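As the structure is a computational prediction, the values presented were derived from the model and not from experiment.
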Amino acid sequence: MESTRQQDRGTGELAAATPGGRSAALPYLNLLVTMVMFGSAFASSKVVVGEMPHEVAAALRFGGGGLLLILLAVLLRRRSRPIGTAAAVRAGLAGLLGVTGYNIFFFWGLSLAPSLDGSVIVPVLSPVLTTASLILLRREKASWTRITGLAVGALGAVVFFLGIGGQPAGSTRLAGDLVFVAGAACWAAYSILSKSLLAGIDPLRATAWGTSVGGLALIALAVPGMAETQWQTVSGTAWANVVFLAVGPTAVAYLFYYRGLRSVSPSSATVLMFSVPVFGSFFSTVFLGESFTGVQLAGTLVMLAGALFAVAGPLLPARRPAPGRAPEGAARGEREPA
C-alpha cells in the first residue's frame, strides 16, 4: 500500500513538473496578471499626476500599496515562512530599486509625456536592456539572433523618438520619453538583481517588505510636494485612481511579479512585458483619448519586432535535423556549446 502511494505521489509530482502541468504554467499566469495591471497603471497614473505633483502621486500609490501588503502578510502569516533580518534587508534593497527608483522615473515621465508613450517605451525597452545586460555580464550567451534583435529594437526606438519631432514648440514629450527610458533601465536592473536578492524568501513577505521600504522612501522624497499640494482641489476621480493604483498595479501586481520571478528567469519573464503595450495602449486610447503619430507607430512596430526577436528567439525550440542526418556543423568537426 505504501509503495503504491509513493508511486502515485511520484506520478503526480512528475505530471505537475511537465511543461503542460499546472505548476509549469502558474508562474506565467502570475506574470500575465502583473502585465494587465501594469498596462492599466499608465492611464490611471496619468489621471493622478494631472492633479498633484508626480512625487506625491508615487508616494500615495506605494504608501497605500505597502500598507495593504503588510496587512495581507499579517493575516496570512501562518501560511508563509517567517522572514529573517538578512532576507528583510535584501527585500528592502529590491524595493528601493524596483519601487523607489523605477517610480521616480515612471511618474516623472507621466508628468511630461502621454501615458501611451510610457506604455510602449518601458515594457518594450526593459526586456531589451535586461537581455543586453545579461549578455554583457556573461550570464547569458550572445548569438547573432540576439544581436540582430537588439540592433533592430534600438533602431525602432530611434524611429519612435524621431516621430516626436513634429510636436509643438515647448512640448515636453521628448523629455518625458527620455525619462521613461531611464525608468526602463531601472526596471531591467531590478528584474536582474531581484532574482538573487529574493532567493529563498516567501513571496508575500518579500513583496510586503520591498514595497513598504520603497514606499517609505517615496514618501520621504514627496514631503516638500505634499506641503505645496492643493488637496481641496483634488477630484474624486483622482482619488479613485489612487485607490485603484494602490490595490491593483501595486499590491496585486508586485505580489504576482515576485511569485513569477521565483520560477522563471529574468529574460523569460520579461518576454511577457510585450503584452503591456497592448493593454496600456487600450486603456490610454479608450479612457484618455491619446494617440500615436504615424512615425511613432512605425517605430513601435519595429521596436517590438526587434525586442521580441532578441528576447524570445533563443527560447524557441531548435529545429531538429532530419532522421539519419548529422546536425549542421558536425561534418566540420564543430562542437555544441556546453
Novice: Using a 3.5 Å distance criterion without hydrogens, assess whether the side chain of T250 forms a donor-acceptor pair with backbone atoms of L245.
Specialist: yes

Novice: Decide whether S284 and S115 meet the rule of one side-chain donor and one side-chain acceptor closer than 3.5 Å.
Specialist: yes

Novice: When rounded to the nearest 0.5 angstrom, what distance separates CG in L162 from CG in L174?
Specialist: 9.5 Å

Novice: Within the 4.5 Å heavy-atom criterion, are S45 and N241 side-chain neighbours or not?
Specialist: no

Novice: Tell me whether F105 shares a hydrophobic cluster with V276, the cluster being built from Ile, Leu, Val, Met, Phe, Trp, Tyr side chains joined at under 4.5 Å.
Specialist: no

Novice: Taking all non-hydrogen atoms of both residues into account, name the closest pair between G39 and F279 and its distance.
Specialist: CA-CB, 4.1 Å

Novice: Name the orientation class of the two ring planes belonging to F287 and F282 (parallel below 30°, tilted from 30 to 60°, perpendicular beyond 60°).
Specialist: perpendicular

Novice: Atom CG in L72, atom OG1 in T207: separation rounded to 0.5 Å?
Specialist: 9.5 Å

Novice: Is it possible for you to say whether F161 and V120 belong to one hydrophobic cluster, with membership spreading through side-chain heavy-atom contacts below 4.5 Å?
Specialist: yes

Novice: Would you confirm whether S111, through its side chain, and W108, through its main-chain N or O, come within 3.5 Å as a donor-acceptor pair?
Specialist: yes

Novice: F244 versus S40: any side-chain heavy-atom pair under 4.5 Å?
Specialist: yes

Novice: Any side-chain heavy atom of H54 within less than 4.5 Å of one from L110?
Specialist: no

Novice: A quick test of your reading: do over 12 heavy atoms of other residues, nucleotides or ligands sit less than 6.0 Å from CH2 of W144?
Specialist: no

Novice: If you measure from CG on L26 to CZ on F256, what distance do you get to the nearest 0.5 Å?
Specialist: 8.5 Å

Novice: Under the side-chain contact (heavy atoms from CB on, under 4.5 Å) criterion, do L116 and S281 qualify, and how do the steps go?
Specialist: CA-CA 6 Å; L116 194 61; S281 298; 3.6 Å; yes

Novice: So W231 and W239, would you call those rings parallel, tilted or perpendicular, with 30° and 60° as cut-offs?
Specialist: parallel

Novice: Quick one: closest heavy-atom pair of G215 and V99, and the distance?
Specialist: N-CG1, 3.9 Å

Novice: Without swapping roles, check the side chain of T172 against the backbone of L112 for a donor-acceptor pair under 3.5 Å.
Specialist: yes

Novice: Cluster question for you: counting only ILVMFWY and a side-chain heavy-atom cut-off of under 4.5 Å, with indirect links fine, are Y190 and Y102 together?
Specialist: yes

Novice: To the nearest 0.5 angstrom, please state how far the OG1 atom of T229 sits from the CD atom of E55.
Specialist: 8.5 Å

Novice: Assigning hydrophobic clusters by single linkage (Ile, Leu, Val, Met, Phe, Trp, Tyr; side-chain heavy-atom cutoff under 4.5 Å), is L31 placed with L308?
Specialist: yes

Novice: Which atom pair, heavy atoms only, marks the closest approach of C186 to L97?
Specialist: SG-O, 3.3 Å

Novice: With no hydrogens and no angle check, do the side chains of E51 and S235 hold a donor and an acceptor under 3.5 Å apart?
Specialist: yes

Novice: Checking side-chain contact (heavy atoms from CB on, under 4.5 Å) for the pair L60/V56: CA distance, chi angles, key distance, verdict?
Specialist: CA-CA 6 Å; L60 288 176; V56 177; 4.1 Å; yes

Novice: Is there a side-chain contact between V124 and T300, using heavy atoms and a 4.5 Å cut-off?
Specialist: no

Novice: Step by step, work out the side-chain contact (heavy atoms from CB on, under 4.5 Å) result for K46 and F283.
Specialist: CA-CA 11 Å; K46 183 68 174 180; F283 291 118; over 6 Å; no

Novice: With R61 as the cation and F107 as the aromatic partner, state whether NZ or CZ is under 6.0 Å from the six-membered ring centre and within 45° of the axis.
Specialist: no

Novice: Report the C-alpha separation of V302 and V159 in whole Å, then their side-chain angles, then the decisive distance to 0.1 Å, and conclude whether the side-chain contact (heavy atoms from CB on, under 4.5 Å) test is met.
Specialist: CA-CA 8 Å; V302 174; V159 174; 5.9 Å; no

Novice: Heavy-atom distance under 4.5 Å between the side chains of D177 and R173, does that happen here?
Specialist: yes

Novice: Under 4.5 Å between any side-chain heavy atoms of F160 and D117, yes or no?
Specialist: yes

Novice: According to a hydrophobic-cluster definition based on side-chain heavy atoms being under 4.5 Å apart (Ile, Leu, Val, Met, Phe, Trp, Tyr only), do F62 and L67 belong together?
Specialist: no

Novice: Once you round to the nearest 0.5 Å, how far does OG of S212 lie from CG of L69?
Specialist: 6.5 Å

Novice: Taking atom CD1 of I135 and atom OG of S143, what is their separation to the nearest 0.5 Å?
Specialist: 6.5 Å

Novice: For L125 and A157, work out which heavy atoms get closest and say how close.
Specialist: CD2-CB, 4.3 Å

Novice: Looking only at heavy atoms, which two atoms of A251 and G65 are closest? And how far apart?
Specialist: CB-O, 4.2 Å

Novice: Please find the pair of heavy atoms, one from G109 and one from V179, that lie closest to each other, and give the distance.
Specialist: N-CG1, 3.6 Å

Novice: Side chains of S119 and P277: closer than 4.5 Å at any heavy-atom pair?
Specialist: no

Novice: I want to know whether W187 and F38 have ring centres closer than 6.0 Å.
Specialist: yes

